[in-house]
Asks: 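Sharing a structure, written as structure tokens. Questions coming.
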There are 2 protein chains.
Amino acid sequence: MPEAIATISTAQENSDFSNRQQEVLSAVLDLMVREGGALTMERVAKTASCSKETLYKWFGDRQGLLTATVQWQASKVRIAPIDAQNLDEATLKNVLVRFACDWLTVLTSDVSIALNRMAISQAGSTKSDLGSIVLQNGPFAMGRRLLPVLEMGRGAGHLEFSDGQQAFSCFFGLVVRDIQIRVLLGEDVSLDEAQIILEAKQATKNFFAIYGKNQTRRK
Amino acid sequence: MPEAIATISTAQENSDFSNRQQEVLSAVLDLMVREGGALTMERVAKTASCSKETLYKWFGDRQGLLTATVQWQASKVRIAPIDAQNLDEATLKNVLVRFACDWLTVLTSDVSIALNRMAISQAGSTKSDLGSIVLQNGPFAMGRRLLPVLEMGRGAGHLEFSDGQQAFSCFFGLVVRDIQIRVLLGEDVSLDEAQIILEAKQATKNFFAIYGKNQTRRK
DNA sequence: GCCGAACCGTACCGTACGGTACTTTCGAGA
DNA sequence: TCTCGAAAGTACCGTACGGTACGGTTCGGC
């Protein structure tokens with residue numbers, strides 16, 4: 001059964017930040033989750049037990065601190081790679097279900113919600129790339145990962161589509177539905193592990209109803 | 001061909017706000033679209049040519065002004081009601097396509113983007129109901145409208161599902177996909193009328209592939 | 001023409017926050 | 001033990017913004 005495999009690496013040396021700096025970034029993340037977007041440099045300094053001056057020295061300004069935090073967090077979330085070579089249909093479905101599980105788990109996590117809120121609230125106004133960073137490590141990363149899988153599935157004769165991007169986008173919609181916008185708008189969508197697995201299976205089944213080549217239909 | 005029918009009523013007496021007040025709210029909306037979330041009471045007063053004191057007298061405080069704006073805008077967007085009685089399958093599909101068109105049109109509109117950004121950025125922190133207001137007038141309103149249609153379609157033998165809410169949620173995902181999160185994060189997703197219609201038709205077709213009773217499959 | 005209400009424009013206040021400067025502390029190396 | 005640099009702690013500055021106060025103007029009713 002596909003347990004969530006979105007790995008949070010314990011994260012030391014794979015990053016451009018020193019250990020102390022990562023402590024600071026971790027504090028920022030905590031504050032973002034706990035306090036929402038209203039984090040001040042003073043709160044960060046106090047929480048991380050460092051001086052404001054150090055913050056500015058390391059990260060330039062507030063925007064730089066936020067950007068660094070988002071990038072650092074993004075570098076930590078890695079969807080487990082796919083290595084399925086002998087793609088029978090059951091295996092393909094399993095991979096898709098695992099993908100969906102991972103995605104739903106990440107989407108509904110506190111950190112992801114806080115990060116997305118932060119990026120969205122800045123997307124309209126200031127010149128900053130938080131939005132594109134989140135985008136690159138969110139939907140786009142998922143697409144880059146999933147597309148080869150879908151194409152392998154097509155190659156093995158289990159799927160049928162002309163536009164891979166469109167097929168991916170469809171899968172995305174089937175998995176995410178209105179869940180993300182609802183959590184972002186503050187609704188308490190509590191999904192436990194079991195529910196996530198159910199949703200993921202349903203989404204995969206529906207996906208095969210659309211793009212599957214010779215499926216038995218109807219749930 | 002389904003033109004967008006999300007009607008923006010010219011909006012006078014159907015509201016709880018006087019004409020002058022609606023001018024102010026309109027100015028707020030303009031500012032939210034142009035400037036992003038960083039709107040100040042002073043900017044609003046200057047833009048609407050009214051005094052700050054009047055703003056506070058009418059709306060209480062900043063939060064009240066934002067809430068009033070969101071509610072006012074929500075009261076303006078009305079998806080055209082469905083009156084299809086003799087639901088043959090073609091009519092049902094047409095209704096769904098129109099729905100999808102309306103929804104995509106609204107989702108990608110400047111005003112909707114600005115409103116959602118505003119609501120999302122406040123959802124995590126302050127005690128305020130912007131999020132739930134947007135939610136009520138967004139996905140939930142769409143669901144309330146669409147659910148009877150789906151059930152009529154089921155009654156007429158064109159659709160097959162047990163959980164109507166789930167079927168709606170699926171349709172939502174097929175229509176919206178990753179479009180909303182991308183526009184909210186600042187990507188420039190430009191959809192012209194023709195593309196929207198294509199997307200809507202595709203979504204409807206896919207929906208029937210999942211929930212249709214006796215459909216001819218594959219695009 | 002007078003009065004009061006509504007409202008505009010503007011000046012003002014308090015505070016919160018981003019950013020900077022200065023002092024103190026701590027720890028490593030000579 | 002002395003020195004030096006890095007970083008903590010703190011005080012400070014400028015400004016932006018929410019919210020209030022007040023004088024001036026318009027306008028409808030008498």
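Heavy atoms only: backbone and side chains are in, while hydrogens, waters and symmetry mates are out. Below, chains carry the letters A, B, ... as their sequence lines are ordered, and counting in each starts from 1.
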Asks: Calculate the interatomic distance between Glu53(A) atom CD and dA6(D) atom C1'; express it in whole Å.
Replies: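 Taking CD of Glu53(A) and C1' of dA6(D), I get 10 Å after rounding.
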Asks: Taking CG from Leu55(A) and P from dC17(C), how many angstroms apart are they, rounded to a whole number?
Replies: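 Distance check: Leu55(A) CG to dC17(C) P gives 15 Å.
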Asks: What is the distance, to the nearest angstrom, from the NZ atom on Lys46(A) to the P atom on dA8(D)?
Replies: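 Result: 14 Å.
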Asks: Could you check how far CZ of Arg62(A) sits from C1' of dA16(D), rounded to whole Å?
Replies: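 Those two atoms, CZ and C1', are 14 Å apart.
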Asks: Under 4.0 Å between a side-chain N/O of Arg43(A) and OP1 or OP2 of dG18(C), yes or no?
Replies: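 Arg43(A) to dG18(C) OP1/OP2: no side-chain N or O under 4.0 Å.
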Asks: Only pairs at least two apart or in different chains count here, so list each salt bridge (Lys or Arg N to Asp or Glu O under 4.0 Å) that has a residue in residues 55-68 of chain A.
Replies: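 Of all non-adjacent pairs touching residues 55-68 of chain A, none passes salt bridge (Lys or Arg N to Asp or Glu O under 4.0 Å).
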Asks: Does a side-chain N or O from Trp58(B) land closer than 4.0 Å to OP1 or OP2 of dA6(C), or not?
Replies: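 Answer is no, no contact under 4.0 Å.
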Asks: Between Gln195(B) and Asp192(B) (side chain of the first, backbone of the second, donor and acceptor by atom type, cut-off under 3.5 Å), is there such a pair?
Replies: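 Judged by distance alone, yes, a pair lies under 3.5 Å.
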Asks: Is a donor on one side and an acceptor on the other found under 3.5 Å between the side chain of Ser112(B) and the backbone of Thr108(B)?
Replies: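 Checking the backbone N and O of Thr108(B) against the side chain of Ser112(B), no donor-acceptor pair under 3.5 Å is found.
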Asks: Could you tell me the separation between the CD atom of Glu23(A) and the C1' atom of dA8(D), rounded to a whole number of Å?
Replies: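 In whole Å, dA8(D) C1' lies 14 Å from Glu23(A) CD.
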Asks: Considering only dG9(D), dC17(D), dG9(C), which nucleotide approaches the side chain of Thr40(B) most closely?
Replies: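 Minimum distance to the Thr40(B) side chain belongs to dC17(D).
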Asks: Check the distance between dT10(C)'s P and Met41(B)'s CE and give it to me in whole angstrom.
Replies: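 Whole-Å distance recorded here is 17 Å.
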Asks: Is it the case that dG19(D) (base atoms only) and Lys52(B) (side chain only) share a donor and an acceptor within less than 3.5 Å, ignoring hydrogens and angles?
Replies: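 By the distance-only test, yes, there is a pair.
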Asks: Identify the residue among Ile179(A), Asp178(A), Leu174(A) that makes a side chain to side chain contact (heavy atoms under 4.5 Å, CB included) with Ser169(B).
Replies: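 Only one of Ile179(A), Asp178(A), Leu174(A) forms a side chain to side chain contact (heavy atoms under 4.5 Å, CB included) with Ser169(B), namely Asp178(A).
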Asks: Pick base, sugar-phosphate or nothing for Leu65(B), based on heavy-atom distances below 4.0 Å to the nucleic acid.
Replies: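 Nothing: the residue Leu65(B), judged by heavy atoms under 4.0 Å, touches no strand.
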Asks: Nearest-Å distance, CZ (Phe59(B)) to C1' (dC7(C))?
Replies: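 Checked: the CZ to C1' distance equals 14 Å.
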Asks: Are the side chain of Thr69(B) and the backbone of Leu65(B) linked by a donor-acceptor contact shorter than 3.5 Å?
Replies: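 Here the side-chain-to-backbone pair exists.
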Asks: Could you state the CD-P distance from Glu42(B) to dC13(C), rounded to the nearest angstrom?
Replies: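 My rounded result for the distance is 16 Å.
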Asks: Heavy-atom nearest nucleotide on DNA chain D for Thr54(A) versus Tyr56(B): which residue maps closer to 5'?
Replies: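 The 5'-side residue here is Thr54(A).
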Asks: Select base, sugar-phosphate, or nothing to describe what Lys57(A) touches, counting heavy atoms under 4.0 Å on all strands.
Replies: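 Counting heavy atoms under 4.0 Å across all strands, the contact made by Lys57(A) is with sugar-phosphate only.
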